[in-house]
Amino acid sequence: MQETPWLHWFRDLFLEQGVGPDWAVYLNAAIVLIALLLVLFVVDFILRKSIVTVFRLFSDRTKTSFDDFLSESNFPRFVAHVIPVLIVRYTVGHLFEDLPVTRGISLTAVDVYSVILAALICRSVLRSLREYLKTKPLFNDKPLDSYVQVMMIIIWIIAMLVIAYRVSGESFITLTSLGAVSALLLLIFKDTILGFIASIQITVNDIVRIGDWITFNRYGADGYVTEINLATVRVQNFDNTFTTIPTYSLISDSFQNWRGMQESAGRRIKRSLLIKQNSVRYLTDADLQELKKIQLITSYIEQRQKTHLDYNAQHGYDSSLIINGRQQTNLGVFRKYIDAYLHKNNAINKDLFLMVRHLQPTPKGIPVEIYCFSYDKNWVNYEHIQADIFDHLIAAVKYFDLEIYEYPSGVDLKGED
């Protein structure tokens, strides 16, 4: 290697002053190294400030936001370290040419730092790309964190292999070593590998997106997905707490995703009124005349009354006993009133399924279930719509001479005494 005079000026000076050769070499290396570190500090500071400033000015003038994310991820700062590293790499080789061991260690240390710096630059680019893609509608609900983490794991594995090769001087790329490394990686990164597979399946099968409302009872999660990465899925619950779920559990366990409801034309209302069974009875003519005043069911009562009279007369049923033939009941008319009320309600989507039905009688009464869909899917508005419907129906029950079942209170028991 050709000697660089300016790097050995102090050595020659010390030799002229009668200093021993070994001490002259050591003192020269120490002085030049200190001076080099000071120069590198100044150069690195100037380059870092200059590159960061120029990069910000450039990013402010461009329309794309990718360079803004590069700036936020410290990409310019890492790039600014490249020139000082090259200077050190060149200088150290000449500075310690009289000290082979020190020269070898120094060059190895510089190479190791260079590999780490390259990995950090790649990390900045990947993070910037991830944040940039999140601003695009096509990618803002995709698990980009998972893919970035996988790529970073690969980059760091390659970096570690290069560093190991540089330090030891031996290549680890053999069938035996690859098998051992693969087994070790499978053991260490088992959850990561499962998470990566789950991320791919989640994306391909469109199981979960960022922003979806999910309910996962096993983990106590009930809220919106805010983040999907290799290891966990982060859910912000409606009480503003956060729950983390293992990513792989989204394909191995059962959970509820409300996206279908949010993308549909309505949100389901499915709730029952419990009617006391002993309040159900046949309606007399006087009862029917009174119920005809309820405009929603006037035409229905008249039509059903005529149909029943014709049927009973045709079959010769004895009308002196009300159980004979076909008769209307207060519960049946009330059920029809509910149906008519829902069809007149502007908050209910009549294009979707709408039904009022009886369920199997229970010890608590006969469940009369309402099954329909509201136009508004917002949670608060949905609850208001549902409450308005049942407020009205609970108040309307008494007009049909029906009663709603509820457990007896202390006042009820006292009244029986």
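Since this is a predicted model, take the numbers as computed values, not measurements. Heads up: numbering here begins at 1 and tracks the sequence.
L129 has its side chain out of reach of V148: every pair of non-hydrogen atoms, C-beta onward, lies at least 4.5 Å apart. Here the side chains of H358 and L331 are in contact, with some heavy-atom distance below 4.5 Å. Looking only at side-chain heavy atoms (C-beta outward), V356 and Y341 stay at 4.5 Å or farther from each other. Side-chain contact between L283 and R281: present, with at least one pair of heavy atoms (C-beta onward) separated by less than 4.5 Å. Put simply, the side chain of L393 reaches to within 4.5 Å of the side chain of I338, judged on heavy atoms. Considering only heavy atoms from C-beta on, F75 stays 4.5 Å or farther from R127 through its side chain. Within the 4.5 Å cutoff, no side-chain heavy atoms of Y399 are placed close to those of Y337. At least one side-chain heavy atom of P246 sits less than 4.5 Å from a side-chain heavy atom of Y219.
Rounded to the nearest 0.5 angstrom, M152 CE and R123 CZ are separated by 6.5 Å. Remark: D376 CG to R267 CZ distance equals 9.5 Å, nearest 0.5 Å. Taking CG of D287 as the start and NZ of K292 as the end, the distance is 12.0 Å to the nearest 0.5 Å. E290 contributes atom CD, which lies 10.5 Å from atom OG1 of T284 (distance to the nearest 0.5 angstrom). Here K336 contributes atom NZ and I294 contributes atom CD1; the two are 14.0 Å apart, rounded to the nearest 0.5 Å. In this structure, F242 CZ and N237 CG are separated by 8.5 Å, a value rounded to the nearest 0.5 Å.
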Candidate pair I269 and Y382, rule side-chain contact (heavy atoms from CB on, under 4.5 Å), full reasoning: CA-CA 9 Å; I269 297 175; Y382 163 79; 3.6 Å; yes
Derivation and outcome, side-chain contact (heavy atoms from CB on, under 4.5 Å), residues H384 and V380: CA-CA 6 Å; H384 288 167; V380 175; 3.6 Å; yes
Candidate pair I245 and I214, rule side-chain contact (heavy atoms from CB on, under 4.5 Å), full reasoning: CA-CA 11 Å; I245 302 170; I214 68 170; 4.2 Å; yes
Steps toward side-chain contact (heavy atoms from CB on, under 4.5 Å) verdict (I348, I389): CA-CA 10 Å; I348 301 301; I389 291 173; 3.7 Å; yes
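Not counting sequence neighbours, the partners of Y282 by the side-chain contact (heavy atoms from CB on, under 4.5 Å) test are I322, I323, Q327, T329. With sequence neighbours excluded, no residue satisfies salt bridge (charged side-chain N to carboxylate O under 4.0 Å, His left out) with D222. Remark: F353 engages M355, Y371, F373 in a side-chain contact (heavy atoms from CB on, under 4.5 Å) (not counting sequence neighbours). Taking K398 as the reference, nothing meets the salt bridge (charged side-chain N to carboxylate O under 4.0 Å, His left out) condition, with sequence neighbours excluded. Residues satisfying the side-chain contact (heavy atoms from CB on, under 4.5 Å) test with S114, not counting sequence neighbours, are V85, V110. Residues passing the side-chain contact (heavy atoms from CB on, under 4.5 Å) test with A265, sequence neighbours excluded: N349, L352.
No donor-acceptor distance shorter than 3.5 angstrom exists from the side chain of T243 to the backbone of V235, with no hydrogens or angles considered. Judged purely by atom type and a 3.5 angstrom limit, K350 has no side-chain atom pairing as donor or acceptor with the backbone of K344. Remark: the backbone N or O of V225 is not paired with any side-chain donor or acceptor of D212 at under 3.5 angstrom. Using a distance-only test at 3.5 Å, with no hydrogens or angles considered, a donor-acceptor pair links the side chain of N257 to the main chain of I207. Between the side chain of T247 and the main chain of I228, no donor-acceptor pair closer than 3.5 Å is present. A distance-only check finds a donor-acceptor pair linking the side chain of S279 to the backbone of E403 [under 3.5 Å]. Under a 3.5 Å cut-off, the side chain of H343 and the backbone N or O of D339 do form a donor-acceptor pair. At least one donor-acceptor pair under 3.5 Å links the side chain of D239 to the backbone N or O of T241. For the pair Q277 (side chain) and T362 (backbone), a donor-acceptor distance under 3.5 Å is present.
For the pair K377 and E263, the tightest heavy-atom approach, listed with the atom from each and the gap, is NZ-C, 4.2 Å. For F216 against S254, the heavy-atom pair with the smallest separation is CE2-O, 3.6 Å. Contact detail for L274 and K364: the closest heavy-atom pair is CB-O, 3.8 Å. Shortest non-hydrogen contact noted between I301 and Q328 is O-NE2, 3.7 Å. Listed here is the closest heavy atom pair of V208 and I202: O-CG2, 3.3 Å. Nearest approach of I385 to S374, heavy atoms of both residues: CD1-CB, 4.1 Å.
Crowding of Q295 atom CD: a count of heavy atoms from other residues, nucleotides or ligands under 6.0 Å not exceeding 12. Counting non-hydrogen atoms of neighbouring residues, nucleotides and ligands closer than 6.0 angstrom, the CH2 atom of W156 exceeds 12 such neighbours. No more than 12 heavy atoms of other residues, nucleotides or ligands lie within 6.0 Å of CE in M151, so this atom counts as exposed by the packing criterion.
Remark: the Q303 side chain and the T307 side chain contain an N/O donor-acceptor pair separated by less than 3.5 Å. Residues T108 and D111 have side chains that never bring a donor and an acceptor to within less than 3.5 angstrom of each other.
Between Y224 and W213, the two ring planes are tilted [angle within 30° to 60°].
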